[in-house]
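Please read the structure below before turning to the comments.
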Amino acid sequence: MKTIAVLPAGSVSDEAARHFFGGEEHKWKHHRLISDVFLSTVNGISDYSIIPIENTIEGSVSLHMDWLVHEVDLPIQAEWVYPSIQNLIGRKSELSGEAGELDYSRIKKVISHPVAIAQCLQFLRTHLPHAVTEHVSSTAEGVRIVQNNPNAGWAAIGTMTAASNEGLDVVASEITDHDNNYTRFLLVGSEPYTARQSNKMKTSILITLPEDYPGALHQVLAAFAWRKINLTRIESRPTKKKLGNYYFFIDIDMALDTVLLPAAIQEIEAIGCQVRVLGSYPSFADYKKG
């Protein structure tokens, strides 16, 4: 039985985690902080970690990317694109008017992870412009705080699973600003992933350009372009070594052992670029709301 490190029970990460392994039995180890999720696998406490890395609305989760690149050396073994469905959670008895309808004026504070709050800004501006927002480590943590503070006029943004776990009500469902809100999760660890098969493979690499080579980025992209290799994502992040020095995080719509990709990497290395392969892995997606 494998042990999987993940953010708290009831978080979107926790919901997505179940899909990586289907019906297989595993031991789940929940952590409040993403650093503890990573370190659990680094220290051999768990076999894999599940990391939210990118969101439709908010883009990349920079803190998690930096951990993956700078703090740990855990290969990517799989990815899953999962719908992030956020809800307003609290106690209906506390937040309802005399006729039983939700009375937004009774909500003084909304608590959640900063990414979840950012996904629901339009809803908050429309219905709760008076309410204070408070950031916590996960959506599940926000729901737990609301559960522990009755009659405070507090609500949380989180999943239906978290509401059920804490015995709270979904007072407003699907409050995300966009219907196509999805989060990309990575499964990282040293052991190859074998629980499921996919006909779609991706490869993630990290490229650091030589400082004294004008036009290096153009040549990097050209190495992929003339071979008609599709890049699904390219993003720059600071190397943290020198101001103005960046690495490029690139996702490639192709397995590493495909004929064209190793040749492209060799061409990129030939101009003095450093290339680090973060993983070549199966990609899964769940585009059905649930």
Side-chain angles (χ1 to χ4, degrees), residues 4-21 26 28-42 46-72 74-87 111-121 135-144 156-162 165 175-178 180-189 193 202 204 206 232-233 235 237 249 251 278-279 281-290:
I4 317 300
V6 66
L7 288 170
S11 63
V12 178
S13 293
D14 182 47
E15 288 188 345
R18 316 293 164 159
H19 292 262
F20 273 108
F21 296 96
H26 289 81
W28 305 102
K29 191 164 186 61
H30 295 98
H31 296 277
R32 190 172 66 86
L33 302 175
I34 197 67
S35 56
D36 293 331
V37 174
F38 273 113
L39 291 175
S40 175
T41 302
V42 169
S46 57
D47 298 290
Y48 299 105
S49 292
I50 291 179
I51 309 298
I53 200 74
E54 185 181 6
N55 176 261
T56 303
I57 297 173
E58 280 298 285
S60 298
V61 186
S62 298
L63 172 64
H64 301 184
M65 286 183 61
D66 286 347
W67 261 89
L68 185 66
V69 171
H70 296 292
E71 305 295 336
V72 301
L74 294 173
I76 303 169
Q77 300 293 351
E79 75 166 14
W80 196 287
V81 179
Y82 187 77
S84 294
I85 303 171
Q86 306 294 355
N87 309 276
I111 307 170
S112 194
H113 189 277
V115 172
I117 288 175
Q119 293 169 5
C120 305
L121 285 180
H135 293 171
V136 291
S137 59
S138 70
T139 55
E141 175 72 4
V143 176
R144 186 191 65 78
I157 293 175
T159 68
M160 290 187 176
T161 302
N165 289 349
I175 65 170
T176 322
D177 293 342
H178 301 278
N180 64 334
N181 184 33
Y182 294 89
T183 298
R184 178 186 174 208
F185 293 90
L186 299 180
L187 182 76
V188 299
Y193 170 84
K202 291 178 69 174
S204 293
L206 201 68
T232 59
R233 177 182 176 216
E235 181 170 346
R237 292 287 300 154
F249 191 106
D251 290 331
L278 299 176
Y281 49 88
S283 174
F284 306 89
D286 179 5
Y287 290 113
K288 295 180 180 179
K289 285 191 174 185

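Atoms considered below: every heavy atom in the structure, side chains included; atoms not considered: hydrogens, waters and symmetry mates. In this chain, numbering begins with 1 at the start of the sequence shown.
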message = Please determine whether side-chain hydrogen bond (donor to acceptor under 3.5 Å, both in side chains) holds for the pair Ser11 and Ser138, giving the CA-CA distance in whole Å, both sets of side-chain angles, and the decisive distance to 0.1 Å.
response = CA-CA 7 Å; Ser11 63; Ser138 70; 5.8 Å; no
Hey, what do you get for [atom1] ([X]) to [atom2] ([Y]), rounding to the nearest 0.5 Å?
{"X": "His113", "Y": "Thr139", "atom1": "NE2", "atom2": "OG1", "answer": "8.0 Å"}
{"X": "Glu71", "Y": "Asp66", "atom1": "CD", "atom2": "CG", "answer": "8.0 Å"}
{"X": "Ile157", "Y": "Asn87", "atom1": "CD1", "atom2": "CG", "answer": "9.5 Å"}
{"X": "Asn181", "Y": "Cys120", "atom1": "CG", "atom2": "SG", "answer": "8.0 Å"}
{"X": "Ser283", "Y": "Ile76", "atom1": "OG", "atom2": "CD1", "answer": "11.0 Å"}
{"X": "Ile53", "Y": "Leu186", "atom1": "CD1", "atom2": "CG", "answer": "5.0 Å"}

Check whether any side-chain heavy atom of [X] sits under 4.5 Å from a side-chain heavy atom of [Y], and report yes or no.
{"X": "Thr232", "Y": "Lys202", "value": "yes"}
{"X": "Val12", "Y": "Phe185", "value": "yes"}
{"X": "Thr41", "Y": "Asp47", "value": "no"}
{"X": "Thr56", "Y": "His178", "value": "no"}
{"X": "Leu7", "Y": "Asp14", "value": "no"}
{"X": "Asn55", "Y": "Ser84", "value": "yes"}
{"X": "Leu74", "Y": "Val42", "value": "yes"}
{"X": "His135", "Y": "Ser112", "value": "no"}

request  = Would you check, one step at a time, whether the test side-chain contact (heavy atoms from CB on, under 4.5 Å) holds for Glu79 with Leu187?
outcome  = CA-CA 6 Å; Glu79 75 166 14; Leu187 182 76; over 6 Å; no
Restricting to non-hydrogen atoms, name the atom on [X] and the atom on [Y] that form the minimum distance, rounded to 0.1 Å.
{"X": "Arg184", "Y": "Tyr281", "result": "NH2-OH, 2.9 Å"}
{"X": "Ala9", "Y": "Ala140", "result": "O-CB, 3.3 Å"}
{"X": "Val136", "Y": "Pro114", "result": "O-CD, 3.6 Å"}
{"X": "Ile111", "Y": "Gly142", "result": "CG2-CA, 3.8 Å"}

ask   = After noting the C-alpha distance and the side-chain angles of Asp36 and Lys29, does the key distance pass the salt bridge (Lys or Arg N to Asp or Glu O under 4.0 Å) rule?
value = CA-CA 10 Å; Asp36 293 331; Lys29 191 164 186 61; over 6 Å; no
ask   = Got a salt bridge between Glu235 and Arg233, using NZ or NE/NH1/NH2 to carboxylate O under 4.0 Å?
value =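 So Glu235 pairs with Arg233 through a salt bridge.
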request  = Test side-chain contact (heavy atoms from CB on, under 4.5 Å) on Met65 and Phe249 and set out the steps.
outcome  = CA-CA 9 Å; Met65 286 183 61; Phe249 191 106; 3.7 Å; yes
request  = Look at the rings of Tyr193 and Phe284 and say which category their plane angle falls in: under 30° parallel, 30 to 60° tilted, over 60° perpendicular.
outcome  =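 Rings of Tyr193 and Phe284: perpendicular, as their planes differ by over 60°.
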inquiry  = Evaluate Gln119 against Asp177 for side-chain contact (heavy atoms from CB on, under 4.5 Å), listing each step before the verdict.
reply    = CA-CA 6 Å; Gln119 293 169 5; Asp177 293 342; over 6 Å; no
inquiry  = Evaluate Thr161 against Glu15 for side-chain hydrogen bond (donor to acceptor under 3.5 Å, both in side chains), listing each step before the verdict.
reply    = CA-CA 8 Å; Thr161 302; Glu15 288 188 345; 2.6 Å; yes
message = Set out, in order, the CA-CA distance, both residues' side-chain angles and the distance that settles side-chain hydrogen bond (donor to acceptor under 3.5 Å, both in side chains) for Tyr82 and Ser13, then state yes or no.
response = CA-CA 9 Å; Tyr82 187 77; Ser13 293; over 6 Å; no
inquiry  = Under 6.0 Å between ring centres: does that hold for Phe38 and Trp67?
reply    =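 Centroid separation for Phe38 and Trp67: below 6.0 Å.
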message = Run the side-chain contact (heavy atoms from CB on, under 4.5 Å) test on Val37 and Ile51 for me, step by step, so that the C-alpha distance in whole Å, both residues' side-chain angles and the decisive distance to 0.1 Å come before the verdict.
response = CA-CA 8 Å; Val37 174; Ile51 309 298; 3.8 Å; yes
message = When you measure from the side chain of His64 to the backbone of Pro52, do you find a donor-acceptor pair of N or O atoms at a distance under 3.5 Å?
response =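 Side chain of His64 to backbone of Pro52: a pair is present.
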ask   = Ser204 and Asp251: side-chain donor and acceptor closer than 3.5 Å?
value =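 Checked: Ser204/Asp251 side chains pair up, N/O donor to acceptor below 3.5 Å.
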